Amino acid sequence: MVLRVSIVLPTYNERGNIEPLLEQLLPLQQHYNLEILVVDDDSVDGTAELVRRLAHTEPRLRLIRRVGRSGLASAIKEGLLDATGDVAVVMDSDGQHEPASVRRAIDTLVQGDLDLVIGSRFHPEAEILGLSGRRERGSNWANASARFSLPRGYAGLSDYMSGFFALRLEAVLPLIRAVDVNGFKFLYELLAVSKGRLRTAEVPLSFQPRTYGSSKLDLAIFWDFLISILHSLSLRLLPRRAISFGLVGVSGVAVQLVVTQLLMLSGLGFEQALPFAVVAAASSNYLINNALTFRFQRLKGLALFRGLLKFLLVASLPVLANVGLASAFYSLVARDTLWAQLSGILVVFVWNYAASSRFVWNTP
Ligand code: GDD
Ligand code: MN
């Protein structure tokens, strides 16, 4: 029987890249019963319109167009859940992954009777033409952290962040369902939820430079990566957003301590400096949380300013507690400004996380 193969192509603004890629992928129907699913997140460059038009004369091509939902991991999950093949292959649609790797990955999967085959950029036989030196070093570092945080059985893999992989749908579907799409990379999350049970192998990739458009990797993705690693290390018990909120809180602690010191250096007493420092720390926390922790609910323009007022209001209860507690600690327990502040800050964290999620960014 001919193997049913579904290729999942996530796209965001890939109008210039998708057509040449499809032209290279469609001939695979000589070998497989082929289905190609393009999952587009409402690209602004006309990617979806182009794919739709191509699908008129190409029944093997399907378009999934998502509006109001976004993110690479969630696009991949949606494509995989809709795929009808025995085997699914996920790859980038910007031409950085070579279509030639598809057959090699599927052969390895089928012949080895495996669950998952990863296309690796860091395999000894791989070639990297399309990564800057900085990105390559970043990836090495990220891979080492990923290896450390994932089940031991996957320690032999070399590319935990790859956007290219083939899997056996029936076997892996329950895990695909369980993947948290707020995570950093789909593959990393899949490996994390599988608890080491997947039979895996890697094939080398030849990672090409992009022809059109630009990469969507940014600081926020790096942040997600950090959160994903900490989430895994907490045995996936601490909610991602709480981890993110907590890390931002740590930066706020630094802001508060520094501002207090500066104001005291300029002659203010501790109890006078403290309120300013607390407000500065809360405002900085608000802005960073808005850009990172709650970026999918990000507030802009006037709403950003209204949000700040709400955040300060929400935070003012514990801010008062913070100031009160820190002052009380300072005058009653010990004249130690550091511990006075830290004790105030701890009380604040729990309340702030719960209340601002709900009232400032309207999330449960
Ligand atoms: N649907 C959808 N939604 N697709 C997206 C989104 C999104 O929010 N963001 C990116 N994509 C698509 C792009 O159109 C492209 O086809 C693919 O996902 C990869 O995105 P790039 O922006 O080109 O990623 P990259 O080249 O910087 O990153 C490469 O390395 C990463 C690991 O370091 C890719 O190979 C990634 O897949 C890989 O995880
Ligand atoms: Mn790319």
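Because the structure is a prediction, the values reported are computed rather than measured.
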Show your working on side chain to side chain donor-acceptor pair (under 3.5 Å) between Ser43 and Glu14 and close with a plain yes or no. CA-CA 8 Å; Ser43 294; Glu14 302 292 1; over 6 Å; no

Just checking, is any N or O donor in the side chain of [X] or [Y] under 3.5 Å from an acceptor N or O on the other one?
X: Thr363; Y: Gln297; result: no
X: Thr47; Y: Thr11; result: no
X: Thr293; Y: Arg240; result: no
X: Ser356; Y: Tyr286; result: no

Excluding sequence neighbours, so at least two apart, what forms salt bridge (Lys or Arg N to Asp or Glu O under 4.0 Å) with [X]?
X: Arg60; answer: none
X: Arg137; answer: none
X: Glu98; answer: none

Spacing of Ile243 atom CD1 and Leu230 atom CG [to the nearest 0.5 Å]: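 Atom-to-atom, Ile243:CD1 and Leu230:CG are 5.5 Å apart.
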
Looking only at heavy atoms, which two atoms of Thr108 and Ala201 are closest? And how far apart?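 Looks like CG2-CB, 4.3 Å.
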
Quick one, Phe122 and Asn140 - any side-chain contact, counting heavy atoms below 4.5 Å?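 With C-beta onward as the side chain, the pair touches.
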
Would you call the rings of Trp361 and Phe311 parallel, tilted or perpendicular, taking 30° and 60° as the class edges?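 Rings of Trp361 and Phe311: perpendicular, over 60°.
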
For Tyr154, what residues pass the ring pair (Phe, Tyr, Trp, His ring centres under 6.0 Å) criterion, not counting sequence neighbours?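 Applying ring pair (Phe, Tyr, Trp, His ring centres under 6.0 Å) to Tyr154 gives none.
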
Sequence neighbours left out, what pairs pass ring-ring contact (aromatic ring centres under 6.0 Å, His included) with at least one residue falling in residues 33-56?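 Listed by first then second residue: nothing to list.
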
Option among Leu169, Thr200, Leu198 that satisfies the side-chain contact (heavy atoms from CB on, under 4.5 Å) test with Asp115: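 That would be Leu198.
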
Members other than Leu235 in its cluster, when Ile, Leu, Val, Met, Phe, Trp, Tyr link by side-chain heavy atoms under 4.5 Å?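 Noted: Leu235 shares its cluster with Leu237.
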
If you measure from the Lys or Arg side-chain nitrogens to the Asp or Glu carboxylate oxygens, is any gap between Asp86 and Arg168 under 4.0 Å?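 Salt bridge between Asp86 and Arg168, a charged N being under 4.0 Å from a carboxylate O: no.
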
Under a single-linkage definition using a 4.5 Å side-chain heavy-atom cutoff for Ile, Leu, Val, Met, Phe, Trp and Tyr, are Leu63 and Leu25 assigned to the same hydrophobic cluster?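 They do share one cluster, since a chain of ILVMFWY contacts under 4.5 Å joins Leu63 to Leu25.
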
